[in-house]
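A short worksheet on the structure shown next.
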Amino acid sequence: MTSVRVRFAPSPTGYLHVGGARTALFNWLYAKRTGGTFVLRIEDTDKERSTEAHTQVILDGLAWLGVTHDEGPYFQGQFYGRHRADAEGLLRADRAYRCFCTREELDQARTHAEKGNSSFRYDGRCGRLSRADVDARLAAGTPFSIRVRMPDEEIAWEDAVHDRISFQGRDLDDFIILRSDGTPIYNLAVVSDDIEMRITHVIRGDDHISNTPKQIALYRALGRTPPVFAHVPMILGSDGKKLSKRHGATAVGDYQDQGILPLAMRNFLALLGWSPGGDREILPEEEMIALFSLEGIQKKAAVFDLAKLEWMNGQYLSARPAAELEPAVRRHLGALGVDPGSRDLRPLIDAVKTRSRTLLDIANQVAVRLDRTRITRDPKGDQLVTKLGAAFTANLALVSAALTALPEAQWTPAALEAALKELAEREGKKLGDVMQPVRVALTGGTVSEPVNELLAVVGREDSLARIAAARS
RNA sequence: GCCGCUAUCGUCUAGAGGCCUAGGACACAGCCCUCUCAAGGCUGGAACACGGGUUCGAAUCCCGUUAGCGGUACCA
């Protein structure tokens with residue numbers, strides 16, 4: 001029994017897509033579950049679109065999620081030599097042949113076939129060239145690509161998530177494995193690398209199902225045993241189409257910016273297309289690993305549900321102590337242009353945490369409590385002012401008088417609550433009519449933590465100043 | 001067109017022939033709590049795509065239909 005080796009092989013052509021992140025997560029989970037090795041391989045063969053910056057974004061995204069690799073990153077571009085050697089080996093074994101057809105000829109044949117409403121399939125004409133023909137073209141310096149000979153036989157495999165999938169070789173054509181410039185085509189590079197890296201399980205997106213028979217054909221031609229394949233379903237947008245930029249945030253980094261906790265993101269992604277069975281939702285890492293299996297992966301594509309992600313994030317948020325959240329909240333405050341200095345943010349975070357679903361929510365609320373210039377009167381606040389009319393300022397005046405009498409040392413949630421309740425009772429006011437104006441004065445809105453806590457967190461001097469400002 | 005994959009509440013899913021008058025979670029609605037809003041608790045509406053089989057019995061097995069998705073490159 002050889003040990004499990006899996007890999008995640010993104011191409012650095014943009015950012016880390018949530019679909020890719022989930023594929024990486026499943027690989028990681030499987031490696032952890034089986035005590036195997038998780039290899040990271042960057043498929044940078046598309047020189048035009050690949051950049052180092054993109055590679056870094058992917059590395060950062062995986063690190064953020066805590067999806068750590070055991071080996072690599074390898075860069076596919078380094079292995080051109082081996083890819084080419086494999087293609088030439090196939091040529092010598094007559095499992096492949098040189099194709100002298102030009103791009104133009106091929107394109108023409110393709111458009112012609114499409115007009116006739118049938119799919120283009122290369123007819124293998126160059127594969128039937130005589131020895132002398134080939135030699136003559138070679139001598140003339142005619143450029144050529146290399147194609148595999150696709151055998152007319154069944155190509156089937158036992159997919160770890162889909163069970164048996166089967167194709168017929170005759171439905172596939174002799175596809176190109178090496179371009180006329182000597183660089184490898186994706187399917188060859190992948191197979192060559194997976195063999196070299198002794199990959200035992202290929203866990204990748206559903207969209208690769210149609211590549212798989214081609215790759216199996218290559219394994220056969222190369223005389224190697226294919227790995228186990230596990231094709232995980234796609235992630236869709238709310239309209240049922242493949243998730244793309246049109247649907248809003250699709251990059252892992254976007255969610256980081258919005259203040260999603262990495263563990264919440266990872267938990268959410270794990271449950272998108274995989275089920276541990278039963279009613280579990282919040283899964284600690286150990287449980288996630290212990291319960292993970294390829295069989296538990298769904299066959300059906302899943303819709304990305306932002307509302308559920310945010311709910312889950314809220315769950316993680318409330319389970320984390322404020323101290324743990326503080327560094328991240330500081331970063332978000334920085335992004336908002338607020339400098340809290342050396343002030344202890346923990347009480348502020350605790351005050352607003354349960355009303356927040358993201359770190360950004362927290363930062364926004366903390367910002368208002370820290371800096372009175374960030375108060376903006378919202379529509380509900382205006383409504384209250386209109387509704388109360390003269391009572392709004394009158395009640396604030398009463399509050400101001402009562403609280404001014406409260407010295408700094410007694411500016412505590414308990415004392416504040418007592419003072420406010422006493423005031424309402426003494427004046428025969430409804431508690432809400434006393435509390436709500438304060439809330440509007442301090443935050444501009446009608447929603448916040450309990451008013452006594454709000455006052456405590458904003459502080460005596462600042463609270464009184466805000467109340468005074470709201471009265472004028 | 002051809003090849004392939006898929007099909008349980010709006011969404012994520014449980015369900016491996018009787019435990020299903022189909023369970024949970026998100027979202028939604030109502031109630032409780034309450035100075036507001038959340039959180040929390042309770043309640044409610046909400047699904048086996050359709051048609052044939054197999055079987056004493058089918059959400060579960062088989063076939064077909066329909067729909068959606070993926071692929072059909074000298075892209076990855």
Side-chain angles (χ1 to χ4, degrees), chain A residues 9-11 13 43-46 48-50 76 99 101-103 106-107 110 113-114 116-122 143-147 159 162 165-168 170-173 175-181 183-187 189-190 205-214 231 233-234 236 238 240-242 268 271-282 295 298-312 314-315 318 352-357 380 384 417 420-421 424 430-440 443 445-452 454:
Chain A
S11 54
T13 51
E43 314 234 307
D44 58 347
T45 50
D46 190 340
E48 302 296 306
R49 295 188 291 163
S50 301
Q76 192 162 61
C99 175
C101 298
T102 65
R103 233 180 173 116
L106 260 16
D107 286 345
R110 194 180 342 270
E114 274 160 13
N117 225 359
S118 65
S119 79
F120 169 75
R121 198 171 315 136
Y122 183 65
F144 61 88
S145 59
I146 296 181
R147 291 180 183 269
D159 195 278
H162 290 272
I165 298 180
S166 138
F167 286 79
Q168 293 300 326
R170 76 179 71 93
D171 292 329
L172 277 10
D173 64 358
F175 62 95
I176 291 174
I177 55 176
L178 203 71
R179 295 187 184 88
S180 41
D181 67 0
T183 59
I185 285 298
Y186 170 75
N187 282 313
V190 168
D206 239 355
D207 48 342
H208 284 286
I209 285 182
S210 49
N211 279 324
T212 305
K214 297 181 182 179
H231 288 97
M234 304 275 85
L236 273 21
S238 47
K241 304 275 187 221
K242 190 173 170 178
F268 173 75
L271 257 27
L272 200 58
W274 170 68
S275 169
D279 297 339
R280 277 171 264 250
E281 298 287 343
I282 304 295
E295 293 69 33
Q298 203 72 17
K299 294 179 171 74
K300 186 181 67 163
V303 173
F304 190 93
D305 184 2
L306 183 61
K308 187 156 184 178
L309 203 212
E310 290 186 338
W311 165 78
M312 190 165 278
Q315 297 291 309
S318 42
V352 302
K353 216 170 66 162
T354 55
R355 258 161 308 277
S356 305
R357 298 209 135 184
K380 286 281 179 60
L384 185 88
E417 182 176 12
L420 258 11
K421 283 195 166 154
K430 283 197 288 184
L431 197 51
D433 287 346
V434 172
M435 299 293 201
Q436 283 297 66
V438 177
R439 190 167 267 130
V440 171
T443 68
T446 57
V447 171
S448 84
E449 62 271 40
V451 165
N452 60 319
L454 175 62

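Of the nucleotides present, B:G71 is the one that pairs with B:C2 by Watson-Crick or G-U wobble criteria, both distances under 3.5 Å. With a 3.5 Å ceiling on both atom-pair distances, the Watson-Crick or G-U wobble partner of B:G40 is B:C32. Of the nucleotides present, none pairs with B:G17 by Watson-Crick or G-U wobble criteria with both distances under 3.5 Å.
Between A:Arg357 and B:A38, a side-chain N or O to OP1/OP2 separation shorter than 4.0 Å is absent. OP1 or OP2 of B:G40 sits under 4.0 Å from a side-chain N or O of A:Gln315. Between B:A14 and A:Ser275, a contact under 4.0 Å exists linking OP1 or OP2 to a side-chain N or O. Side-chain N/O atoms of A:His162 include one lying less than 4.0 angstrom from OP1 or OP2 on B:U6.
Using C1' as the reference atom, B:C74 and B:C3 are 22 Å apart when rounded to the nearest Å. One P atom belongs to B:C31, the other to B:U36, and the distance between them is 14 Å to the nearest Å. Across B:G53 and B:U60, the matching P atoms stand 15 Å from one another, rounded to whole Å. Nucleotides B:G1 and B:G44, compared at atom P, are 47 Å apart to the nearest Å.
One can find a donor-acceptor pair under 3.5 Å joining the base of B:C35 and the side-chain atoms of A:Asn452. Between the side chain of A:Arg103 and the base of B:C74, no donor-acceptor pair under 3.5 Å is found. Within 3.5 Å, a donor on the side chain of A:Asn211 pairs with an acceptor on the base of B:A76, or the reverse. Side-chain atoms of A:Ser180 come within donor-acceptor range of the base of B:C74, with a qualifying N/O pair under 3.5 Å. In this model, no side-chain donor or acceptor of A:Arg439 finds a partner on the base of B:C37 within 3.5 Å.
Among the nucleotides B:C5, B:C35, B:A76, the one closest to the side chain of A:Pro450 is B:C35.
In terms of position on RNA chain B, the residue among A:Phe144 and A:Ala307 whose nearest nucleotide sits closer to the 5' end is A:Ala307.
Cation-pi geometry between A:Lys214 and A:Phe175 is met: under 6.0 angstrom from the ring centre, within 45 degrees of the axis.
Residue A:Ser238 is out of contact with every strand shown, counting any heavy-atom pair closer than 4.0 Å.
Salt bridge status for A:Lys308 with A:Glu281: present, with a side-chain N to carboxylate O gap under 4.0 Å.
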